[in-house]
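Order of the sequence lines fixes the chain letters, A, B, ..., with proteins taken first and strands second; residue numbering starts at 1 for each chain.
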Amino acid sequence: MNEDRKVVTRFAPSPTGYLHVGGARTALFNWLFSRHHGGSFILRIEDTDQLRSTDESTRAILDAMEWLGLVWDEGPYFQAQRVQIHRKMVERLVETGRAYHCTCTPEILEEKRKSALAEGRKPKYDGTCRDKRLPRTPDSVVRFRSPEVGVTTLDDLIKGTISFNNEELDDLVIERSDGFPTYNFAVVVDDAQMGITHVIRGDDHVNNTPRQIQLYEALGYEVPRFGHVPMILGADKARLSKRHGATSVMAYKEMGYLPEALVNYLVRLGWSHGDQEIFSLDELVDLFDLGAVGKSAAVFNPEKLIWLNQHYIKTCPEDRLVDLMKPFWQERDLDTGDPAFLRSIVADLRPRAKTLLEMAESGVFYFQDEVVYEEAAAAQFLKSEVAGPLGDIAGGLADVEDYSKKGIEDFLRKIAEERATKLKHIAQPLRVALTGKTVSPGIDEIMITLGKKRVVERLLRALAYIERKGER
RNA sequence: GUCCCCAUCGUCUAGUGGCCUAGGACACCGGCCUUUCACGCCGGUAACCGGGGUUCGACUCCCCGUGGGGACGCCA
């Protein structure tokens, strides 16, 4: 093929479910490849399976693509709307003798398949109708007349050269009895007519490729370059599926992952650039190429994704992080109306959060003036002996002029000293009084974020709680 | 079963015949910091699937085995 032609790639999902992480990685590689080479990227929905395709799935896939930032230059095109074109091309093959009508029933075919498997043979169409020159009938399908001898060679951009003996390949169906083209045919016609120069897809398609190459040739099309990316496996090395955990891209959004974390994680599953782990999208566009994609399957490792997510939470611009967090708190009916308050909360929470969801949950106490005490925390720390120091804090806070981390720490240390105890002994009770929990951001950070007024209110509530408990 | 692909720490990977006493990252284990939890910092455990070749020299090249994955649909 002409090497100086502009690169055109595509992602062609079938709308039979959500976008899963494997598909997302394929889309990402296509997107990066075209961007890197200054080409364009097309989205095509392969909906020729009328039974399983749904509009909801299409919508879900588009949403996920957008969330990941994989914007397409053309499309989405819908394959089912192109059936007239496909039929015309099928007709052309029939006319030239490269395809023929077949009336074998699915039942008979299935039987033959089973017995072939049982006898240890490779199941192949036996060519019953190949030379019968049958006319089209309501139940007939169209099969491609594939060469019986010779070798078809694939020069894969990732896997290298792969050869197939043509005798391994049988006469595949290219048009179903319902008049719709099958995948292997439609994909060839569409890729060729849309000018796709590089077909980058999962390596579960390797075995389809020689058939497709034969179709390109029979149709008189230029054969594109292929790059087959290895599969993503679960922890047990089996193909990644729901039983390994979340596989839907949008599920990761809901679990509080940042799109850049998922993108960074997925790109490193199979691709690398020396020892570098963190990549911005711009860097990826600059650095990505198929030559650095590995040949072997990779195990999906949620731990590393979490680490990346944590990294991106730590480095995300504050305003954006606040915007990302809002929906998580609004979902919990919390008041997100005070921008300064939110910014401060987010600043407290972000260094210790793995996901936005976790961040949202751990920050709920900021919004609740009536702090809910965890039972064990209250039992251990809200006891009568801490009423003294907590009372001192509540009473003395108004006079603290330097209400900063430093000033607050000095103030608390002074109270500890006066009470002849150590800061650590009053820190936990104070933490429980302010948050209801034993684990939280730093006391000083919380006090600044909450402000003196709320801190005093919470302390008074805690003192009342201690008193009530003492009476029982 | 047949065909196709793959094979470096538990995981993701660097490595393209001498730079390897095999590097980085996640996870894990210690230590430091400390008002909890994290963050951070410092340190540690841990791998070239096996066997034959080729070569002065193999993680790197070839063959065989083994293991894993994929395909074998009127699904894509």
Side-chain angles (χ1 to χ4, degrees), chain A residues 12-16 46-49 51-53 79 102 104-106 109-110 113 116-124 139-143 154 156 159-160 162-165 167-170 172-184 186-187 201-210 228 230-231 233 235 237-239 265 268-278 294-308 310 314 349-354 362 377 381 409 412-413 416 422-428 430-432 435 437-444:
Chain A
S14 62
T16 54
E46 310 234 316
D47 54 351
T48 52
D49 184 337
L51 262 41
R52 298 195 301 158
S53 299
Q79 196 162 57
C102 167
C104 295
T105 64
L109 259 17
E110 183 55 26
R113 218 185 330 269
L117 236 26
E119 289 166 33
R121 302 196 321 274
K122 181 167 179 162
K124 282 173 55 180
D139 289 327
S140 68
V141 300
V142 180
R143 285 184 187 272
L154 156 67
D156 196 271
K159 303 255 182 191
I162 306 173
S163 297
F164 300 83
N165 285 319
E167 59 221 66
E168 294 296 333
L169 279 18
D170 62 359
L172 73 158
V173 173
I174 58 177
E175 188 180 282
R176 296 187 272 239
S177 49
D178 66 2
F180 278 84
T182 58
Y183 163 75
N184 277 301
V187 78
R201 72 223 311 192
D203 76 6
D204 48 341
H205 286 285
V206 169
N207 289 287
N208 287 326
T209 310
H228 287 97
M231 302 273 87
L233 275 25
K237 305 259 179 156
R239 193 183 185 138
Y265 179 71
R268 281 285 290 105
L269 220 47
W271 177 84
S272 62
H273 180 70
D275 285 340
Q276 190 172 342
E277 295 288 349
I278 307 289
K295 295 179 180 182
S296 51
V299 173
F300 188 87
N301 178 203
E303 299 291 332
K304 190 150 181 179
L305 206 206
I306 285 178
W307 173 73
L308 280 163
Q310 202 167 204
K314 276 184 292 194
L349 257 18
R350 75 187 317 182
R352 57 207 101 216
K354 291 182 180 356
S362 64
F381 294 109
E409 186 175 336
L412 294 178
R413 284 194 190 282
K422 289 184 173 168
L423 178 57
K424 64 194 302 179
H425 293 130
I426 60 174
Q428 281 304 77
L430 176 55
R431 187 185 312 282
V432 176
T435 71
K437 306 183 294 183
T438 54
V439 173
S440 79
I443 295 279
D444 47 6

Check the distance between B/A7's C1' and A/D203's CG and give it to me in whole angstrom. 14 Å
Tell me: CZ of A/R143 to C1' of B/C74, nearest whole Å? 8 Å
Picking from B/G69, B/U2, B/G23, the nucleotide nearest the side-chain atoms of A/E168 would be B/U2
May I ask you to say what A/R201 touches in the nucleic acid, namely base, sugar-phosphate or nothing, with a heavy-atom cut-off under 4.0 Å? nothing
Is there side-chain contact between A/L154 and A/P210, with at least one heavy-atom pair below 4.5 Å? no
Hey, does the side chain of A/T16 reach the backbone of A/R52 with a donor-acceptor pair shorter than 3.5 angstrom? no
From the list B/A76, B/G69, B/U13, which nucleotide is the closest neighbour of the side chain of A/N184? B/A76
Complementary nucleotide for B/A25 - Watson-Crick or wobble, under 3.5 Å: B/U11
Would you mind telling me which of B/G70, B/C26, B/C6 lies closest to the side-chain atoms of A/N207? B/G70
At 4.0 Å (heavy atoms only), tell me whether A/T48 reaches a base, stays on the sugar-phosphate, or touches nothing. sugar-phosphate
Do the rings of A/H205 and A/Y183 sit parallel, tilted or perpendicular, given the 30° and 60° boundaries? tilted
Any A/T209 side-chain heavy atom under 4.5 Å of A/R201 side chain: yes
Just checking A/L117: base, sugar-phosphate only, or nothing, at a heavy-atom cut-off of under 4.0 Å? base
Under 3.5 Å, is there an N or O donor on one side and an acceptor on the other linking the side chain of A/E277 and the base of B/G24? yes
Compare every heavy atom of A/P181 with every heavy atom of A/A186, then report the nearest pair and how far apart it is. CB-CG, 3.9 Å
Mind checking if A/S272 touches a base, just sugar-phosphate, or nothing, with heavy atoms under 4.0 Å? sugar-phosphate
Under 3.5 Å, is there a donor-acceptor pair between the side chain of A/D444 and the main chain of A/E409? no
A/Y183 has its side chain closest, among B/U13, B/A76, B/A38, to B/A76
Without decimals, in angstroms, what is the distance between A/R268 CZ and B/A27 P? 14 Å
Sugar-phosphate only, base, or nothing, as touched by A/L269 at under 4.0 Å among non-hydrogen atoms: sugar-phosphate
A/K237 side chain N/O closer than 4.0 Å to the phosphate oxygens (OP1, OP2) of B/U11? yes
When syn is taken as a glycosidic angle within 90 degrees of 0, is B/C39 syn or anti? syn
Short side-chain N/O contact from A/R239 to OP1 or OP2 of B/A71, under 4.0 Å: yes
In Watson-Crick or G-U wobble terms, with both distances under 3.5 Å, the base opposite B/C56 is B/G18
Is the shortest side-chain heavy-atom distance between A/V299 and A/L269 below 4.5 Å? no
Taking donor-acceptor contacts at under 3.5 Å, does the side chain of A/T182 reach the base of B/C74? no
Would you say A/K314 reaches B/G40's phosphate, i.e. side-chain N/O to OP1/OP2 under 4.0 Å? yes
B/C32 and B/G50, which share atom name P, separated by this distance in whole Å: 40 Å
Taking the same atom, C1', in B/C9 and in B/C59, what whole-Å distance lies between them? 14 Å
Nucleotide of B/U13, B/C37, B/C3 approaching A/F164 most closely (side-chain heavy atoms): B/C3
In whole Å, what is the span from the NZ atom of A/K437 to the C1' atom of B/A38? 12 Å
Phosphate-side-chain proximity, A/R121 and B/C3, N/O vs OP1/OP2 below 4.0 Å: no
Between A/V206 and A/Q428, just flag the one whose closest nucleotide in RNA chain B comes earlier from the 5' side. A/V206
Roughly how many Å is it from CG in A/D204 to C1' in B/G73, rounded to a whole number? 14 Å
State whether the distance check finds a donor on one side and an acceptor on the other, under 3.5 Å, for side chain A/D275 versus base B/G23. yes
Could you work out which one of B/U35, B/G70, B/G73 sits closest to the side chain of A/P123? B/G73
State the pairing partner of B/A71; accept Watson-Crick or G-U wobble contacts with both distances under 3.5 Å, and report none otherwise. B/U2
Can you tell me if A/R113 touches the phosphate of B/G73, counting only side-chain N or O atoms and a distance under 4.0 Å to OP1 or OP2? yes
Taking the side chain of A/R352 as heavy atoms from C-beta outward, which of B/C4, B/C37, B/C3 is closest to it? B/C37
Against the side chain of A/V299, the closest entry in B/C74, B/C12, B/C4 is B/C12
To the nearest angstrom, how far is A/E167 atom CD from B/C3 atom P? 11 Å
Rounded to whole angstrom, note down the C1' distance from B/C48 over to B/C6. 15 Å
Need one value for A/H205: base, sugar-phosphate or nothing, where a base atom within 4.0 Å counts as base even if backbone is also close, heavy atoms only. base
Would you classify A/P13 as touching base, sugar-phosphate or nothing, given that sugar-phosphate means primed atoms plus P, OP1 and OP2, and contacts are heavy atoms under 4.0 Å? nothing
When you compare B/A22 with B/U16, how far apart are their C1' atoms, in angstrom units rounded to a whole number? 15 Å
Spatial distance of atom CG (A/L172) from atom CG (A/D170) [nearest 0.5 Å]: 7.0 Å
Base-pairing assignment for B/C39 (Watson-Crick or G-U wobble, both under 3.5 Å): none
Whole-angstrom distance between B/G15 and B/G73, as gauged at atom P: 39 Å
Can you tell me which nucleotide in B/U36, B/C74, B/A76 comes closest to the side chain of A/L109? B/C74
Remember a base hit wins even if backbone is also touched, and classify A/D444 as base, sugar-phosphate or nothing at under 4.0 Å, heavy atoms. base
Whole-Å C1' distance, B/G1 and B/C28: 42 Å
Is there a side-chain contact between A/V432 and A/T438 in this structure, where contact means two heavy atoms from C-beta onward sitting under 4.5 Å apart? yes
Inter-nucleotide C1' distance (B/C37, B/G43), Å rounded: 23 Å
Quote, to the nearest angstrom, the P distance that separates B/G17 from B/C62. 12 Å
When we call it a touch if two heavy atoms are under 4.0 Å apart, what does A/N208 touch: a base, just sugar-phosphate, or nothing? base
Whole angstrom value for the distance that separates P of B/C26 from CD of A/E303: 12 Å
Atom CG of A/N301 and atom P of B/C26: how far apart are they, to the nearest Å? 11 Å
Within 6.0 Å of NZ in A/K422, more than 12 heavy atoms from elsewhere: no
Judged by nearest nucleotide, the residue sitting upstream toward the 5' end of RNA chain B, A/G442 or A/G294, is A/G294
Choose from B/C39, B/C74, B/U13 the nucleotide whose nearest atom is closest to any side-chain atom of A/A298. B/U13
